[in-house]
Amino acid sequence: MHFHRLIRLPVIAVLVAVMCWISIAVSQGMGIWFYLFWGGFGVLLIAWISKDMIGESRLHQRKFETAIEAARVRIAQVDARSVMRVERSGEQSDILLMELESGQTLVLFANDFSSKAFPCLSFSLRDFLNSEGGAVWHHIRYRSAKVKEVEQVELRIDADTLSPMQLLPEPPASYVGG
């Protein structure tokens, strides 16, 4: 369930109350009918949104149940030598290029790691999978301290061709401008 869904109920209740008071202030002599109309309208809106939230909650619960029944987890352990950041403009996620011990480059999107402990050089990613192999929930375990200074670089390749968790065959220096 998303936070913006939880915030909708009080916002709607306040809006209905404001519309009710404005209607009463404008009208004269019809007070109780306006209270009943706007009160009923507010109750219907709140019931409709609550039903939507409950349905979404049940859908998420079912996804978790299928992952538990499948008992499948995909674990990726990452141990990197260094990390570089490619800053992107607007709402696009910054790209992290991690040089692995094997000399390859692991591509990560910074928005996928919203933690004060990231970027770090050693961590594990756990994906809990349903019976079809789709990821239902992700867990990240950080095993090293945050890297204090991350080198800012520019890519020599098209950033739109990269995908999260992509493994590139060469070290990061092969893909960035010098």
Side-chain angles (χ1 to χ4, degrees), residues 1-9 11 48-49 51-178:
M1 185 177 324
H2 300 286
F3 177 73
H4 72 275
R5 296 238 178 200
L6 294 175
I7 202 84
R8 273 199 286 181
L9 288 175
V11 168
W48 178 48
I49 290 172
K51 181 179 178 260
D52 181 46
M53 289 172 54
I54 290 169
E56 185 174 319
S57 176
R58 286 186 181 147
L59 178 66
H60 286 298
Q61 181 180 359
R62 183 66 195 133
K63 284 182 183 179
F64 289 129
E65 287 172 356
T66 60
I68 290 169
E69 290 168 3
R72 294 176 57 196
V73 178
R74 177 177 51 221
I75 299 174
Q77 306 247 5
V78 177
D79 292 303
R81 292 183 193 156
S82 64
V83 61
M84 297 176 182
R85 180 182 293 268
V86 178
E87 288 189 4
R88 300 178 76 191
S89 61
E91 293 186 17
Q92 296 178 320
S93 177
D94 288 356
I95 297 173
L96 299 170
L97 302 174
M98 305 194 92
E99 182 179 5
L100 302 178
E101 297 291 331
S102 63
Q104 297 173 307
T105 300
L106 177 65
V107 177
L108 300 174
F109 288 12
N111 287 356
D112 294 339
F113 300 87
S114 58
S115 169
K116 293 179 183 178
F118 201 79
C120 65
L121 297 178
S122 182
F123 58 95
S124 59
L125 301 169
R126 293 181 177 109
D127 292 330
F128 295 85
L129 309 173
N130 60 18
S131 57
E132 291 84 37
V136 175
W137 185 61
H138 309 282
H139 175 67
I140 303 165
R141 181 170 181 231
Y142 303 102
R143 298 185 321 222
S144 69
K146 180 177 181 171
V147 175
K148 291 184 172 81
E149 292 187 30
V150 177
E151 182 181 355
Q152 304 291 326
V153 295
E154 291 188 27
L155 280 176
R156 284 191 288 167
I157 59 174
D158 184 13
D160 294 330
T161 62
L162 300 175
S163 59
M165 294 297 292
Q166 182 177 354
L167 201 56
L168 301 174
E170 303 290 325
S174 305
Y175 305 104
V176 299

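We're numbering straight along the sequence, starting at 1. Note that the structure is predicted; figures quoted are calculated from it, not measured.
- Of all heavy-atom pairs spanning Met84 and Pro172, the tightest one is SD-CB, 3.8 Å.
- Inter-residue side-chain proximity for Glu87 and Gln152 is flagged as met; some heavy-atom pair is nearer than 4.5 Å.
- Nearest heavy atom pair, residue Pro169 against residue Gln104, reads O-CG, 3.8 Å.
- Atom CZ of Arg141 is surrounded by 12 or fewer heavy atoms from other residues, nucleotides or ligands within 6.0 Å.
- Using a 3.5 Å distance cut-off with no hydrogens or angles, the side chains of Ser82 and Glu99 do pair a donor with an acceptor.
- Between Met98 and Phe123 the shortest side-chain heavy-atom distance falls below 4.5 Å.
- At least one donor-acceptor pair closer than 3.5 Å links the side chain of Asp94 to the backbone N or O of Arg88.
- Closest approach of Cys120 and Tyr142 over heavy atoms only: SG-CD2, 3.5 Å.
- Between the OG atom in Ser93 and the CG atom in Leu108 there is a gap of 9.5 Å [rounded to 0.5 Å].
- Distance check: Asp79 CG to Leu106 CG gives 11.0 Å after rounding to the nearest 0.5 Å.
- Pairing each heavy atom of Leu168 with each of Val107, the nearest pair is CD1-CG2, 3.7 Å.
- Checking side-chain atoms of Ser144 against main-chain N and O of Leu121 turns up a donor-acceptor pair under 3.5 Å.
- Note that CD1 of Ile75 is 7.5 Å distant from CZ of Phe128, once rounded to the nearest 0.5 Å.
- With a 4.5 Å cut-off on side-chain heavy atoms, Leu97 and Leu155 count as touching.
- Arg85 places none of its side-chain heavy atoms less than 4.5 Å from the side chain of Glu151.
- Between the side chain of Thr105 and the main chain of Glu170, a donor-acceptor pair closer than 3.5 Å is present.
- Across every non-hydrogen atom of Gly103 and Arg81, the tightest pair is N-NH2, 4.4 Å.
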side-chain contact (heavy atoms from CB on, under 4.5 Å) between Leu162 and Ile95, intermediate numbers included: CA-CA 9 Å; Leu162 300 175; Ile95 297 173; 4.1 Å; yes
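- The shortest non-hydrogen separation linking Pro119 to Val150 is CG-CG2, 3.6 Å.
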